[in-house]
Amino acid sequence: MQEILSGIIFGIGVSVPIGPVNILIMSYALKSYKKAFFLGLGAMGADALYLTLLSFGILKFLNSPTGFKILAVFGAIFLTYMAILILKNSKSNIKTQKTDSFSLFGIFVKGFLINLSNPYVIAFWLSSAAVLSYMGGNFILTLFGLIIGIFLWISLFPLVIFKARKVIGEKIANLFSYISAFILIFFSIILIFRTFWET
């Protein structure tokens, strides 16, 4: 039980920092909890895939300079595309409950691709594997707890935003959409810079 609890705490801890996924979850949650949840679920799916690859030792192969550059370019393009979509739909009324024309599966794929195309997610899971191993105890139970922690975050975080959407108001929600879009563009620029120019 201690291993599962440690994993849950670690899972929530790694999910909280603001990044592209959380920015998009907030943007979606202002208009649709279900879509925000499926976006987070898709990102979690990519995490699960990387954890599977890590368990087979394949992730270390992906953690190469060439692999990083390919993923960084794709990730930056995809984040920019997501920013454009947010700007395009920023004037949608909250009451219409429309974020875009994508189905729930399409939203899931978006979340999956965002995490899958971020090379720093690979580096994160490689370092997390070391942290989990240092925790001691049953690695599988700790990993299970970590997945529960991430799932709790992607379930509760958008729910809080969605419930507070009426308090936030239309103008603030639209302003947040613009801010979210520019933050995603910023993330894409940083991704390219850190991959190709940072020493």
Side-chain angles (χ1 to χ4, degrees), residues 4-5 7-51 75 78-118 120-121 124-125 128 144-188 191:
I4 295 177
L5 184 59
I8 291 174
I9 295 172
F10 184 61
I12 293 174
V14 300
S15 300
V16 169
I18 297 299
V21 173
N22 278 339
I23 289 295
L24 277 173
I25 286 176
M26 284 189 283
S27 181
Y28 271 69
L30 286 171
K31 299 176 182 179
S32 169
Y33 168 74
K34 190 180 289 185
K35 290 189 175 183
F37 171 73
F38 270 80
L39 183 83
L41 202 61
M44 182 178 168
D47 289 334
L49 175 62
Y50 277 139
L51 284 170
F78 194 72
L79 286 178
T80 303
Y81 166 71
M82 293 302 302
I84 292 171
L85 280 183
I86 290 176
L87 289 173
K88 183 180 177 182
N89 295 284
S90 61
K91 294 182 179 180
S92 299
N93 193 298
I94 288 178
K95 295 178 182 179
T96 64
Q97 298 296 302
K98 292 181 180 178
T99 46
D100 52 39
S101 59
F102 282 82
S103 64
L104 291 179
F105 178 74
I107 300 296
F108 177 90
V109 172
K110 278 185 183 180
F112 184 83
L113 288 176
I114 289 170
N115 259 15
L116 192 71
S117 61
N118 188 344
Y120 293 98
V121 172
F124 165 77
W125 283 119
S128 293
F144 179 67
L146 185 145
I147 292 171
I148 292 175
I150 296 174
F151 184 80
L152 285 173
W153 176 258
I154 65 171
S155 301
L156 299 177
F157 174 57
L159 182 62
V160 171
I161 301 295
F162 180 71
K163 292 295 184 181
R165 72 193 187 285
K166 292 181 181 178
V167 178
I168 293 172
E170 200 70 42
K171 290 183 179 179
I172 296 177
N174 288 335
L175 177 63
F176 180 79
S177 293
Y178 287 115
I179 293 172
S180 298
F182 286 114
I183 288 175
L184 289 180
I185 292 172
F186 174 77
F187 275 125
S188 68
L191 187 58

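Since the structure is predicted, the reported quantities are computational estimates derived from the model, not experimental observations.
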Of all the heavy-atom pairs spanning [X] and [Y], show the shortest one and how long it is.
{"X": "Ile150", "Y": "Met44", "result": "CG2-CG, 4.0 Å"}
{"X": "Ala29", "Y": "Pro158", "result": "CB-O, 3.5 Å"}
{"X": "Ala181", "Y": "Ala83", "result": "O-CB, 3.3 Å"}
{"X": "Pro20", "Y": "Leu79", "result": "CB-CD2, 3.6 Å"}
{"X": "Lys31", "Y": "Phe162", "result": "O-CE1, 4.1 Å"}

### Task
For residues Phe187 and Met82, determine if any side-chain heavy atom of one lies less than 4.5 Å from a side-chain heavy atom of the other.
no
Spacing of [atom1] belonging to [X] relative to [atom2] belonging to [Y], to within rounding of 0.5 Å:
{"X": "Ile114", "Y": "Leu24", "atom1": "CD1", "atom2": "CG", "value": "4.5 Å"}
{"X": "Ile183", "Y": "Ile23", "atom1": "CD1", "atom2": "CD1", "value": "4.0 Å"}
{"X": "Leu39", "Y": "Ser32", "atom1": "CG", "atom2": "OG", "value": "10.5 Å"}
{"X": "Phe112", "Y": "Asp47", "atom1": "CZ", "atom2": "CG", "value": "9.5 Å"}
{"X": "Leu184", "Y": "Ser27", "atom1": "CG", "atom2": "OG", "value": "8.0 Å"}
{"X": "Phe157", "Y": "Ile25", "atom1": "CZ", "atom2": "CD1", "value": "6.5 Å"}

### Query
Counting only N and O atoms by type, is there a donor-acceptor contact under 3.5 Å from the side chain of Tyr33 to the main-chain atoms of Ile161?
no
### Message
Checking the side chain of Ser188 only, and the main-chain atoms of Ile185 only, is there a donor and an acceptor separated by less than 3.5 Å?
### Response
yes
### Message
Can you list everything that forms a ring-ring contact (aromatic ring centres under 6.0 Å, His included) with Phe108? Sequence neighbours excluded, please.
### Response
none
### Task
Not counting sequence neighbours, which residues clear ring-ring contact (aromatic ring centres under 6.0 Å, His included) with Phe38? List them please.
none
### Task
If the plane angle is over 60° it's perpendicular, under 30° parallel, otherwise tilted; pick one for Phe151 and Phe37.
perpendicular
### Query
Aromatic rings Tyr81 and Phe78: how do their planes relate, parallel, tilted or perpendicular, breaks at 30° and 60°?
tilted
